[in-house]
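Chain A is the first sequence line, chain B the second, and so forth, proteins listed ahead of strands; every chain is numbered from 1.
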Number of protein chains: 4
Amino acid sequence: MEQHAIGTSPKIEARRSKIIRAAQKVFAQKGFYEATISDVAREAGISDATIYEYFTSKEELLFSIPGETARDALKNMKNILDHIIDTPNKIHAIIYAFLSFYRDNPDYASIAMLILKQNKNFLETQVYQDIRQLARLIYEVIQCGMDQGELRKDIDPLVVRSVILGSIEHLVIRWLMLGKPNDPVIYSKEITDIILKGVMF
Amino acid sequence: MEQHAIGTSPKIEARRSKIIRAAQKVFAQKGFYEATISDVAREAGISDATIYEYFTSKEELLFSIPGETARDALKNMKNILDHIIDTPNKIHAIIYAFLSFYRDNPDYASIAMLILKQNKNFLETQVYQDIRQLARLIYEVIQCGMDQGELRKDIDPLVVRSVILGSIEHLVIRWLMLGKPNDPVIYSKEITDIILKGVMF
Amino acid sequence: MEQHAIGTSPKIEARRSKIIRAAQKVFAQKGFYEATISDVAREAGISDATIYEYFTSKEELLFSIPGETARDALKNMKNILDHIIDTPNKIHAIIYAFLSFYRDNPDYASIAMLILKQNKNFLETQVYQDIRQLARLIYEVIQCGMDQGELRKDIDPLVVRSVILGSIEHLVIRWLMLGKPNDPVIYSKEITDIILKGVMF
Amino acid sequence: MEQHAIGTSPKIEARRSKIIRAAQKVFAQKGFYEATISDVAREAGISDATIYEYFTSKEELLFSIPGETARDALKNMKNILDHIIDTPNKIHAIIYAFLSFYRDNPDYASIAMLILKQNKNFLETQVYQDIRQLARLIYEVIQCGMDQGELRKDIDPLVVRSVILGSIEHLVIRWLMLGKPNDPVIYSKEITDIILKGVMF
DNA sequence: AATGAATGAGGGTTCATTCAT
DNA sequence: CATGAATGAACCCTCATTCAT
C-alpha cells in the first residue's frame with residue numbers, strides 16, 4: 001500500500017498537476033495577462049471553478065508553475081556537479097544543463113524568462129528561494145574554482161555568474177521570441193569556451 | 001524659422017512627449033498591465049481621451065516609448081565608436097554605454113528589459129528595427145575585430161554579442177528588481193575584462 | 001421507551017439541531033447573504049454537503065431556524081397567559097415575555113427582526129403560521145379585554161397590537177444594532193405603563 | 001444664467017438622480033441582494049459601467065438612496081412642527097407625516113424599513129446622521145412637552161419615541177409585506193389617540 | 001449517512017476605447 | 001484640439017448545489 005502526504009491523494013495531485021501543466025502551456029502561449037482562467041480551465045478539461053479549489057488566485061497558480069520542476073532541476077544540477085571534479089567542466093555542465101533544460105521545456109522557459117522574472121511579488125515566493133539556491137550553486141562553483149587555483153583570483157564570482165546566466169538567458173529569450181536558432185544548445189560549447197577563456201589564467 | 005513635419009507643431013510634439021514620459025514613468029512603476037490609461041493621463045496632467053488623440057491604443061503608446069530615445073542612443077553609440085579605433089576599447093565603450101544609459105534611465109530600462117522584451121507584437125514595430133540596428137552595430141564591431149586580427153577567428157560574433165548583451169541585461173534586471181548593486185556601472189570594467197579575455201588571443 | 005417520528009432518530013435530530021444552531025449563530029453574525037453555507041458547516045463541524053442532507057437549500061435552512069423555538073415560545077406564552085386573569089397583567093406579561101426572550105436569544109432576535117421579517121418567501125412558510133398564531137393570541141387578549149370591559153371600546157385591537165409589537169421590535173432592533181441599552185427588558189415596565197394608560201379608560 | 005455647485009451640472013445631477021430612482025425601485029422590488037447592478041442599469045436605461053461612474057460600489061449606491069429625500073423630510077418635519085404649538089398636535093403631526101410619507105413613497109419605505117435598517121455599515125454613513133436628527137427632533141418634542149407640563153413627568157422620552165416610531169414602522173412593514181391595509185394612514189388618528197392617552201395626564 | 005470534489009451560473013467591477021460637444 | 005461622459009466587453013472569483021463514493 002502506498003502512503004501519501006497528509007491531505008493529498010494521487011488523484012488530487014494528478015489534477016493539480018494537470019492544471020499546472022495547462023497553465024504552463026496557456027501562459028506560455030498567450031502571456032499571463034492575455035490568458036484567462038477560462039483558457040487554462042479549457043486546456044485542463046475542467047471548469048473554471050475547479051481551478052480555484054486548487055489555487056487561491058490566478059497569480060498563485062502562476063507562482064505554482066515552477067514548483068517541483070525547479071526543485072528537480074536543482075537536485076539534478078547538484079547531482080551532476082557532484083560527479084564532476086574540475087571547475088571548467090562544471091561550468092560547461094551548468095551551461096549545457098540550463099540550455100538543454102530550457103530547450104526541452106520551452107513553455108517553462110517562457111514563463112521563467114518572460115513572465116516570472118519581472119514579477120516583484122514572485123520574489124517573495126518560496127519557489128523563488130529554490131531558484132535562488134540554483135544561482136547560489138553556480139556562485140559556489142566559481143568561488144571554489146578560484147580557491148582551488150583553477151580560475152583567476154581577480155574576478156568577482158557574482159559577475160562571472162551574471163555573465164554565465166546572462167548569456168544563457170539572452171540566447172534562450174532570443175530563441176523563444178524569434179525561434180532562432182532551432183536548437184539553442186548548439187551554443188553551449190562556444191559560450192563555455194569564451195567564458196572559460198575569460199576567467200581562467 | 002523652424003520647420004516642422006506636416007501636421008505637427010512644437011506644441012503638439014511637446015504634449016506627445018509629455019504623454020510618453022508619463023507613460024514611461026507609470027508603466028515602469030506599475031507594469032504595463034497593472035497601469036491604466038487613467039494613471040498615465042493623471043501623471044501627464046491631461047484627460048484619458050486626449051491620449052487617444054496621440055496614440056491609437058495603449059499598446060501603441062507603449063511601443064512609442066523607445067522612439068527617440070532609442071534613436072538617440074543609436075546615434076550616440078555610433079558617434080562614440082567612430083572615435084575609438086581598437087576593438088577592445090570599442091567593446092568596453094559598448095558595455096559602459098549600455099550600463100550607464102540604463103542606470104541613468106531606470107524607467108526606460110524597466111520598460112525595455114521587463115516589458116517590451118517579452119512582447120511579440122513589439123517585434124513588428126519600427127522602433128524595434130532601430131533597436132536591432134544597435135545590436136547589429138555590436139555585431140559589426142566584433143566581426144570587424146575578427147577581420148582585423150584583434151579577436152580570435154574561432155568565435156561566432158552572434159554568441160559574443162549575446163554574451164555581452166546578456167551579461168549587461170542580467171545585471172540591469174537584477175538591479176531593477178532587487179536594487180542591487182546601487183550602481184550597475186561598477187561592473188562594466190570587470191565584465192569587459194572577462195569578455196575580452198574570452199575573445200582575444 | 002421513547003418514540004420518534006418515522007424516519008427520524010435522536011442522532012439525526014441532534015445533528016439537524018446542531019446545524020440549525022450553527023446557522024442561527026452564523027446568520028445572526030454575518031447576515032444571511034454574507035454568510036455562506038461553508039461558514040455554517042464550519043461552525044457546525046460538518047461538511048457543506050451534509051447540510052444538504054438535512055435541508056434542501058440555504059433558504060430552507062434559514063426558514064427552519066424559528067421552528068421549535070417559535071413553537072415553544074407560543075406554548076410558553078399560552079401557558080403564561082392562562083395563569084393570568086386580568087388583561088392589563090396579560091399585556092404586561094406579553095411585553096415582558098417578548099423582551100426577555102429576545103434578550104436571552106439575541107441570535108434568534110437578529111434573525112427574526114433583521115432577516116426573516118423582510119423575506120416575502122417566509123410568509124408562505126409553515127413556521128410563519130406559528131408566529132402568526134402568537135400575534136393572533138395578542139389580538140385575542142386585547143379583544144377579550146375589550147369584551148370584558150377592561151379596555152376602552154373605541155380601539156382597534158389590531159392597532160393596539162401593532163403598538164405593542166412595534167414598540168418591542170423597535171427597542172430590540174435598536175438594541176441589536178447599537179447595543180443600547182444593555183438590557184432592553186428594563187423598558188418593559190414603562191412600555192406597558194404607556195400602552196395600558198393608552199388603552200384603558 | 002444658472003449657477004451650479006462646483007463639479008456638478010444639471011445633466012450629471014439628473015442622471016445621478018435617475019440611477020438612484022432606478023435603484024430605489026429595483027432594490028425595493030427584489031431586495032438588495034437579489035437585485036443586480038444590471039437590473040438597476042436596465043431600469044435606468046444606461047449601462048452597468050455608467051453606474052460606476054457615479055457610485056463606487058453597489059453598497060454606496062444603496063446608501064445614496066435616502067440622500068436628499070431624508071434631508072427634505074427632515075426640513076419638512078421641522079417646518080411643520082414650527083407651525084404647531086401644543087405637543088399633542090405635534091405628536092399627531094409626526095405620526096401623520098411619517099405614515100403619509102411612507103405611503104406616498106413605498107419604494108423608499110421598503111428600502112428604509114427592510115434593507116437599510118439592518119445594515120451595520122449604514123450606521124457609519126452621513127445620511128444616517130440626517131435620519132438620526134429626525135429621531136432627535138421627536139425626542140425634543142416629547143421632552144419639551146414634559147417640560148411644559150403637557151405630558152406626564154414620569155415617562156422616558158426615549159421610550160415614548162420608541163413607541164411612536166415602533167408603531168409606525170410595524171404598521172408600515174405590515175403594509176409593505178402583506179399589502180394590508182390599503183392605506184396605512186388611516187391608522188394615524190388611532191395610534192395618536194392611544195399614545196397621547198398613554199403619555200398625558 | 002457523510003463527504004470530498006466538482007461545477008454552473010452569475011455577479012460586481014474594471015478599463016480601454018469612443019464620440020459628441 | 002481637448003475632454004467629459006458613456007459603455008461594451010471581459011474577467012476574476014464566489015458559492016450554492018450536486019453526486020459518486
Side-chain angles (χ1 to χ4, degrees), chain A residues 7-9 11-12 15-16 19 33-41 44-61, chain B residues 7 9 11-12 15-16 19 32-41 44-61, chain C residues 7 9 11-12 15-16 19 32-41 44-61, chain D residues 7-9 11-12 15-16 19 33-41 44-61:
Chain A
T8 70
S9 78
K11 267 245 180 91
I12 292 287
R15 185 161 282 224
R16 193 186 142 88
I19 295 171
Y33 292 96
E34 286 84 2
T36 68
I37 287 289
S38 289
D39 290 335
V40 176
I46 56 168
S47 76
D48 291 28
T50 300
I51 290 180
Y52 286 90
E53 294 282 321
Y54 291 82
F55 305 93
T56 61
S57 71
K58 193 187 178 192
E59 197 174 53
E60 209 227 70
L61 171 56
Chain B
S9 76
K11 260 223 179 126
I12 296 285
R15 185 163 287 219
R16 193 186 142 87
I19 294 170
F32 179 66
Y33 291 97
E34 287 84 3
T36 67
I37 287 289
S38 287
D39 290 334
V40 176
I46 55 166
S47 77
D48 291 27
T50 300
I51 290 180
Y52 286 89
E53 296 284 325
Y54 292 83
F55 305 93
T56 62
S57 73
K58 191 187 178 190
E59 197 172 51
E60 207 228 70
L61 171 56
Chain C
S9 77
K11 257 216 180 134
I12 295 285
R15 186 162 285 221
R16 191 186 143 88
I19 295 171
F32 179 65
Y33 291 96
E34 287 84 1
T36 67
I37 287 288
S38 288
D39 290 334
V40 175
I46 56 167
S47 77
D48 292 27
T50 301
I51 290 181
Y52 286 89
E53 297 284 325
Y54 293 82
F55 305 93
T56 61
S57 72
K58 192 189 179 187
E59 196 172 52
E60 207 226 71
L61 171 56
Chain D
T8 70
S9 79
K11 267 246 181 91
I12 293 288
R15 188 163 281 226
R16 193 185 142 87
I19 295 171
Y33 292 97
E34 288 84 2
T36 68
I37 287 289
S38 289
D39 291 334
V40 176
I46 55 168
S47 77
D48 291 28
T50 299
I51 290 181
Y52 286 89
E53 294 283 319
Y54 292 82
F55 305 93
T56 60
S57 71
K58 192 187 178 191
E59 197 175 51
E60 208 226 71
L61 171 57

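Atoms OH (C:Tyr54) and P (E:dA1) sit 7 Å apart, rounded to a whole Å. Going from atom OH of A:Tyr33 over to atom P of E:dA16 covers 13 Å, rounded to whole Å. The interatomic distance linking D:Glu59 (CD) with E:dT13 (C1') rounds to 15 Å, in whole Å. If you take CZ of A:Phe55 and P of F:dC12, they are 15 Å apart, rounded to a whole angstrom. Atom P of nucleotide F:dT14 and atom CG of C:Asp39 are separated by 13 Å, given to the nearest angstrom. The separation between A:Ile51 atom CD1 and F:dC15 atom P is 18 Å, rounded to whole Å. A straight line from CZ of A:Arg16 to C1' of E:dA5 spans 16 Å, rounded to a whole angstrom. Taking atom CD of residue D:Glu60 and atom C1' of nucleotide E:dT13, one finds them 14 Å apart after rounding to whole Å.
Shortest non-hydrogen contact noted between B:Glu34 and B:Asp39 is O-OD2, 4.2 Å. Of all heavy-atom pairs spanning D:Arg15 and D:Tyr54, the tightest one is CD-OH, 3.3 Å. When all heavy atoms of C:Ile19 and C:Val40 are compared, the pair lying nearest together is O-CG1, 4.1 Å. Shown here for C:Ala41 and C:Ser47, the closest heavy-atom pair between the two residues is CB-C, 3.7 Å. The heavy-atom pair separating A:Phe55 from A:Arg16 by the smallest distance is CE2-NH1, 3.4 Å.
Considering only side-chain atoms of B:Tyr52, the nucleotide from F:dA2, E:dA2, E:dT17 that sits closest is E:dT17. Closest contact between the side chain of C:Asp48 and the listed nucleotides F:dA6, E:dT17, F:dT17 involves F:dT17. Of the candidates E:dA2, E:dA6, F:dG4, the closest approach to any side-chain atom of B:Ser47 belongs to F:dG4. Checking E:dT7, E:dT17, E:dT14 against the side-chain heavy atoms of B:Lys58 singles out E:dT17 as nearest. Of the candidates E:dG8, E:dT3, E:dT18, E:dT18 carries the atom nearest the B:Ala49 side chain, counting heavy atoms from C-beta on.
Take the nearest nucleotide of DNA chain F for C:Glu53 and for C:Phe32: the residue whose nucleotide is more 5' is C:Phe32. Along DNA chain E, the nucleotide nearest to D:Thr36 and the one nearest to C:Thr50 differ in position, and the one closer to the 5' end is contacted by C:Thr50. For the pair D:Ala35 and B:Ser57, nearest-nucleotide mapping onto DNA chain E gives the more 5' position to D:Ala35. Taking the nucleotide of DNA chain F with the nearest heavy atom to each of C:Ile37 and B:Ile46, the more 5' of the two is matched to B:Ile46.
From D:Lys58, atom NZ reaches atom CD1 of D:Ile51 across 10.5 Å, with rounding to the nearest 0.5 Å.
Distances shorter than 4.0 Å separate some side-chain N or O of D:Arg15 from OP1 or OP2 on F:dT7.
For DNA chain E, runs of at least 3 consecutive pairs of the Watson-Crick or G-U wobble type, with both hydrogen-bonding distances under 3.5 angstrom, map to E:2-21 with F:2-21.
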